[in-house]
Amino acid sequence: MPATALALVQLGAILFALGVLGRVAGRFGMSPIPLYLLGGLAFGRGGVIELETAVEFGHVAGEIGVVLLLLLLGLEYTAPELMTGLRRSWLAGIVDIVANATPGVAVALILGWGPTGAVTMGGVTYISSSGIVAKVLNDLGRLGNRETPVILSILVFEDLAMAVYLPILTTILAGVGYLAGLRSLAIALLAITCVLVIALRYGRYVSAIVDSSDREVFLLKLLGAALLVAGFASALNVSAAVGAFLLGIAISGSTAQNAAKLLEPLRDLFAAIFFVAFGLNTDPRSIPPVLGWALLLAVVTTLTKVGTGWWAAHRQGIRRLGSARAGAALVARGEFSIVIAGLAVSIGAVSNDLAALASAYVLLMAVLGPIAARMVEPTVRLLQRKPAPPAPMESSPAGIRAESIEPHGQGAGAAGREV
């Protein structure tokens with residue numbers, strides 16, 4: 001078969017398979033990310049069928065997917081919202097970093113991956129999946145709950161932390177000297193500061209530059225600007241993902257809303273290809289040796305993330321059930337964890353086993369996160385339920401009814417207050 005025809009057949013098969021996997025995930029109310037990763041593992045190096053053309057295409061398409069993921073994430077926030085969220089959640093954000101990055105750092109050091117692997121795995125286990133969390137909150141009808149602002153403020157802090165972390169990681173992975181590393185970090189922080197200032201004071205001008213009443217022109221300008229900014233950011237070792245995220249923040253108002261609607265289908269397409277591309281570049285035969293570590297990290301970081309959300313919500317005066325929901329909502333890991341691992345593996349600065357561990361870990365957490373969010377409420381209610389005391393032997397029938405009904409009413413009232 002001619003090379004062009006073979007490439008089209010392979011890419012068509014992958015895209016069709018992605019659609020089928022997405023539909024299967026939707027039927028079961030789960031995130032499609034684990035299925036996309038499994039699809040990539042099945043058709044990549046060491047998989048059931050190796051599609052070489054798809055691997056080559058997946059690299060470039062995956063980079064575009066990362067840019068679109070972060071651009072859409074930036075469009076969801078305005079600079080004032082980011083600053084407000086940072087002020088409200090800085091302490092919880094620091095606790096979040098320490099509690100959830102430490103297990104990844106420890107495992108990387110135990111496995112002998114050195115400081116570079118430790119910094120990489122710390123990021124993989126730290127960051128929650130904003131996409132999965134937002135979808136779960138929407139599906140469960142919890143967007144108006146009292147604990148939801150706490151969840152969102154922690155996610156905002158994590159996104160801002162990534163804007164600082166990714167340039168640091170890129171510098172470490174590049175193996176540059178101490179002074180060069182400080183220079184790269186200073187450039188990254190300066191870029192972030194400048195973008196936030198521009199977004200706060202001159203965001204309307206940035207929006208006016210990319211805006212257009214013609215959908216085609218709007219899409220071309222928006223996508224072109226995102227790729228340009230991402231490319232220049234990458235050249236400065238700031239990370240293409242961070243560049244796209246900062247551009248999204250700078251676009252505001254109705255322009256941001258229209259841009260989000262216009263880019264969502266493209267984001268979904270290229271993001272799916274990004275997850276598949278990561279799986280294509282991961283040898284599935286490397287996963288069994290690290291599966292035990294992935295399970296250990298899944299258990300530990302589920303507990304630490306639940307504890308972080310619980311503590312943050314409790315500090316805001318939210319009661320037990322709401323605090324538990326806040327913690328469980330943050331459990332899922334997904335796109336950012338794969339972005340971090342993919343960045344490290346593509347540069348070749350870490351062991352290929354790290355990609356296998358990250359894949360297995362994200363597979364587990366992307367499935368476990370939505371399940372934990374759904375099950376936390378009935379679990380807490382079950383644990384809070386108080387058994388009715390035995391009825392006294394010497395009592396009138398009316399007295400028996402009063403004694404047996406009263407505890408039930410009190411329990412129901414307590415449960416209602418928790419909601």
Side-chain angles (χ1 to χ4, degrees), residues 28-31 33-35 37-38 41 92-113 117-133 136 140 151 154-155 158 278-279 282 284 286-314 320-321 323-338 340-341 351 353-383:
F28 289 95
M30 61 179 288
S31 167
I33 291 176
L35 297 184
L37 287 172
L38 288 174
L41 291 171
I94 293 174
V95 172
D96 188 22
I97 293 175
V98 174
N100 294 286
T102 301
V105 170
V107 167
L109 293 177
I110 291 172
L111 294 176
W113 293 341
V119 173
T120 304
M121 279 305 302
V124 170
T125 58
Y126 159 59
I127 186 76
S128 298
S129 170
S130 299
I132 297 177
V133 172
V136 168
L140 297 180
I151 298 170
I154 291 176
L155 293 177
E158 289 183 352
F278 185 83
T282 303
S286 63
I287 289 182
V290 298
L291 186 57
W293 290 107
L295 288 169
L296 176 62
L297 281 176
V299 172
V300 172
T301 56
T302 294
L303 295 176
T304 54
K305 194 63 93 167
V306 169
T308 299
W310 181 298
W311 178 80
H314 185 71
R320 186 175 302 172
L321 182 56
S323 298
R325 286 195 298 250
L330 294 168
V331 167
R333 299 338 190 255
E335 60 276 7
F336 251 132
S337 298
I338 295 299
I340 293 166
S351 168
D353 290 340
L354 190 147
L357 177 57
S359 295
Y361 175 73
V362 171
L363 282 170
L364 292 170
M365 300 305 287
V367 173
L368 182 60
I371 293 175
R374 292 175 185 274
M375 295 302 298
V376 64
E377 190 165 331
T379 301
V380 172
R381 290 190 185 280
L382 181 64
L383 293 175

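For the numbers below, each heavy atom of this structure counts, side chains included, while hydrogens, waters and symmetry mates do not. Because the structure is predicted, anything quoted here is derived from the model rather than measured.
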**Exercise: identify the closest heavy-atom pair between Ala324 and Val380** = CB-CG2, 3.7 Å
**Prompt:** How far does OG1 of Thr120 sit from CD1 of Ile340, to the nearest 0.5 angstrom?
**Reply:** 8.0 Å
**Message:** Just to verify, what does Ser323 make a side chain to side chain donor-acceptor pair (under 3.5 Å) with, not counting sequence neighbours?
**Reply:** none
**Request:** Taking the side chain as every heavy atom from C-beta outward, state whether Ile127 and Ser337 have any atom pair closer than 4.5 Å.
**Result:** yes
**Message:** Using 0.5 Å steps for rounding, measure from the OH atom of Tyr361 to the CG atom of Leu296.
**Reply:** 10.5 Å
**Prompt:** Quick check: does any side chain N or O of Lys305 sit under 3.5 Å from a backbone N or O of Tyr126, one acting as donor and the other as acceptor?
**Reply:** yes
**Prompt:** Minimum heavy-atom separation for Ala358 to Val124, with atom names?
**Reply:** CB-CG1, 4.4 Å
**Prompt:** Do you know which two heavy atoms are closest between Ser359 and Ile287, and how far apart they sit?
**Reply:** CB-CD1, 4.5 Å
**Message:** Does any part of the side chain of Ile151, heavy atoms only, come nearer than 4.5 Å to the side chain of Leu330, both counted from C-beta?
**Reply:** yes
**Donor-acceptor contact present, side-chain Glu158 to main-chain Gly93, <3.5 Å** = no
**Request:** Apply side chain to side chain donor-acceptor pair (under 3.5 Å) to Ser129 and list each qualifying residue two or more places apart in sequence or on a separate chain.
**Result:** Glu335
**Request:** Give the minimum heavy-atom separation between Leu364 and Ala298, together with the two atoms involved.
**Result:** CD1-CB, 4.1 Å
**Prompt:** Are the side chain of Ser128 and the backbone of Arg333 linked by a donor-acceptor contact shorter than 3.5 Å?
**Reply:** no
**Request:** Tell me yes or no: between the side chains of Asn100 and Thr304, is some donor less than 3.5 Å from an acceptor?
**Result:** yes
**Request:** Any chance you could measure Leu155, atom CG, to Phe336, atom CZ, to the nearest 0.5 Å?
**Result:** 11.0 Å
**Request:** Measure the shortest side-chain to side-chain distance between Leu354 and Met121 over non-hydrogen atoms and say whether it is less than 4.5 angstrom.
**Result:** yes
**Prompt:** Are any non-hydrogen side-chain atoms of Ile132 and Met365 less than 4.5 angstrom apart?
**Reply:** no
**Message:** Is there a side-chain contact between Leu357 and Trp113 in this structure, where contact means two heavy atoms from C-beta onward sitting under 4.5 Å apart?
**Reply:** yes
**Message:** Restricting to non-hydrogen atoms, name the atom on Leu297 and the atom on Gly104 that form the minimum distance, rounded to 0.1 Å.
**Reply:** CD2-N, 4.0 Å
**Fill in**
Nearest heavy-atom approach of Pro103 to Val300 is CG-CG1, 3.8 Å
**Prompt:** Would Leu295 and Val299 count as a side chain to side chain contact (heavy atoms under 4.5 Å, CB included) if you check the C-alpha gap in whole Å, the side-chain angles of each, and the deciding distance to 0.1 Å?
**Reply:** CA-CA 6 Å; Leu295 288 169; Val299 172; 5.6 Å; no
**Request:** Find the distance between CG (Leu363) and CD1 (Ile338) and round it off to the nearest 0.5 Å.
**Result:** 7.5 Å
